[in-house]
Amino acid sequence: MTLRLHRRDLEAVNQRLETSSPVDILAWAAETFGPRAALLSSMQRAGSVLCHMADRAGFRFDVVFVDTGVLHRETLDTRDQLAKTHQHLRVVTLSPDRSFAEQTREEGLLYLTREGQERCCDLRKSAPLRAIRGKYDAIVNALRRGEGGARARINVLELDDEMRALRVHPFVNFGKVELDAYLAAHPDVALNPLHGMGFPTIGCFPCTTPVRADEPERAGRWRHLAGVEYCGINPTDRARQGEAYIELDDRYASVFGGG
């Protein structure tokens, strides 16, 4: 039996979790979904804080990390450091079907145009994640309303119809001040050193540049392509097409009150 969930079916739980702390939301995800919940991290600052918070609270999660094959060495080293120092977490690395060299030989340098960038990000980021569709019922990540744009309107729980899973956002109300304070209090967070080199956000090295102090945080992402801000791996950053819904096992009916 399956439980069909629309956005309206999440409203009661969203209202209850809205004022909860990030640790309490992580606890809810761990208790509700058990091993069918995973953290999603690209080894950037907020994601590293989320992983540290979960580990130090004793929650056992997989940490899903997509290695696009064109990441900075520092990002891969951060992944390895996190795997070694966060004993309650298990890092699961996903990879595209083709190497970047194979992709380029067959399709050219996709990231040089906006249309090509969308395909490149889909092939190297989103497709590896879709390949494990069905393994997890909840995907927990570190999106924050303070990032602005479409993310300013996210709820603690959102639907990811592409992954047929819930997205859980413990950091919806966690701002830059809170992130800075957490990092100051916890020097053992596995922090990507690129953040100290002028990279407030980090993606693949061909499409990520440092950012000046007078620029927005995401100005260094796809700087060569006007108007591109996101890769599309998060449903919040994709244009909505119709009313989304997902189907989960009906074991969760008591949590969401039907569908």
Side-chain angles (χ1 to χ4, degrees), residues 39-48 50 63-82 91 93-131 139 141-144 146-152 154 160 162-163 167 176 179 190-239:
L39 309 182
L40 178 63
S41 176
S42 57
M43 302 301 149
Q44 299 188 68
R45 187 172 78 142
S48 292
L50 185 67
V63 179
V64 176
F65 170 77
V66 181
D67 179 3
T68 65
V70 278
L71 296 177
H72 298 80
R73 181 71 252 172
E74 290 87 348
T75 299
L76 298 176
D77 289 345
T78 301
R79 173 202 58 185
D80 296 343
Q81 178 190 357
L82 190 145
V91 176
T93 298
L94 310 178
S95 301
D97 288 337
R98 294 179 291 176
S99 71
F100 189 74
E102 290 169 336
Q103 175 183 297
T104 301
R105 280 197 301 270
E106 295 169 13
E107 303 197 34
L109 281 174
L110 294 173
Y111 63 80
L112 295 180
T113 67
R114 182 164 185 165
E115 295 76 14
Q117 170 266 326
E118 291 176 355
R119 176 157 174 77
C120 190
C121 288
D122 185 69
L123 289 170
R124 310 210 68 76
K125 286 189 173 183
S126 300
L129 190 60
R130 286 196 300 270
I139 298 172
N141 55 343
L143 300 189
R144 297 176 293 114
E147 296 176 79
R151 297 182 181 185
I154 57 173
D160 187 345
E162 188 169 86
M163 287 298 295
R167 289 293 185 116
K176 185 178 183 299
L179 280 174
L191 186 64
N192 194 322
L194 291 171
H195 288 307
M197 302 179 195
F199 295 82
T201 73
I202 303 160
C204 299
F205 63 75
C207 298
T208 308
T209 60
V211 173
R212 298 192 311 268
D214 62 337
E215 292 183 304
E217 277 195 357
R218 298 193 68 85
R221 303 293 292 276
W222 304 283
R223 188 183 288 276
H224 60 296
L225 298 173
V228 176
E229 290 188 89
Y230 300 107
C231 64
I233 198 170
N234 295 303
T236 302
D237 303 327
R238 302 192 295 263

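For reference, positions follow the sequence shown, starting with 1.
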Is it the case that more than 12 heavy atoms not belonging to Asp97 sit under 6.0 Å from its CG atom? no

Would you say Glu107 and Leu123 make side-chain contact, with heavy atoms under 4.5 Å? yes

For residues 206-213, tabulate all N or O donor-acceptor pairs below 3.5 Å that involve a side-chain atom, not counting sequence neighbours.
residue : atom : partner : partner atom : Å
Thr208  : OG1  : Gly203  : N            : 3.1
Thr208  : OG1  : Cys204  : O            : 2.8
Thr209  : OG1  : Gly220  : O            : 3.4
Thr209  : OG1  : Arg223  : NE           : 2.9
Arg212  : NE   : Asp214  : OD1          : 3.0

I'd like to know whether Arg79 forms a side-chain contact (heavy atoms from CB on, under 4.5 Å) with Leu82, so could you lay out the CA-CA distance, the side-chain angles of the two residues, the decisive distance to 0.1 Å, and finally the verdict. CA-CA 5 Å; Arg79 173 202 58 185; Leu82 190 145; 5.8 Å; no

Closest non-hydrogen contact found for Ser41 with Ser48 is OG-N, 4.4 Å

For the side-chain contact (heavy atoms from CB on, under 4.5 Å) test, which of His195, Gln44, Met43 pairs with Thr78? Met43

Determine yes or no for a side-chain-to-main-chain donor-acceptor pair under 3.5 angstrom, with Asn192 supplying the side chain and Leu194 the backbone. yes

Could you go through Thr75 and Ile202, starting from their C-alpha distance and side-chain angles, then the distance that decides it, and tell me whether this counts as side-chain contact (heavy atoms from CB on, under 4.5 Å)? CA-CA 8 Å; Thr75 299; Ile202 303 160; 3.7 Å; yes

Find the distance between CH2 (Trp222) and SG (Cys121) and round it off to the nearest 0.5 Å. 5.0 Å

CE-OG distance between Met163 and Ser126, expressed to the nearest 0.5 angstrom: 9.5 Å

Search all heavy atoms of Pro200 against all heavy atoms of Gly198 and return the closest pair with its distance. CD-O, 3.2 Å

From CA spacing to verdict: side-chain contact (heavy atoms from CB on, under 4.5 Å), Arg130, Asp122: CA-CA 10 Å; Arg130 286 196 300 270; Asp122 185 69; 2.8 Å; yes

Would you say the side chain of Arg144 lies within less than 4.5 Å of the side chain of Leu179, judging by non-hydrogen atoms? yes

Between the main-chain N or O of Arg98 and the side-chain N or O of Arg124, is there a donor-acceptor pair closer than 3.5 Å? yes

Tell me the salt bridge (Lys or Arg N to Asp or Glu O under 4.0 Å) pairs involving residues 191-200, sequence neighbours left out? none

List the atom of Asn141, the atom of Leu40, and the distance in Å for their closest heavy-atom pair. CB-O, 3.7 Å

Residue pairs fulfilling side-chain hydrogen bond (donor to acceptor under 3.5 Å, both in side chains) with at least one residue in residues 65-74, sequence neighbours excluded: Arg73-Asp77

Nearest 0.5 Å please: distance from the CZ atom of Arg45 over to the CG atom of Leu50. 13.5 Å

Please report the shortest heavy-atom distance between Pro128 and Lys125, naming the atom on each side. CD-O, 3.3 Å

Do Phe100 and Leu110 pass the side-chain contact (heavy atoms from CB on, under 4.5 Å) test, and can you show the C-alpha distance, the side-chain angles, and the key distance before you say yes or no? CA-CA 10 Å; Phe100 189 74; Leu110 294 173; over 6 Å; no

His224 NE2 to Gln117 CD distance, which is reported to the nearest 0.5 Å: 7.5 Å

Looking only at heavy atoms, what is the nearest atom pair of Leu71 and Val66, with distance? CD1-O, 3.7 Å

Roughly how far, to the nearest 0.5 Å, is CG of Asp160 from CZ of Arg167? 4.5 Å

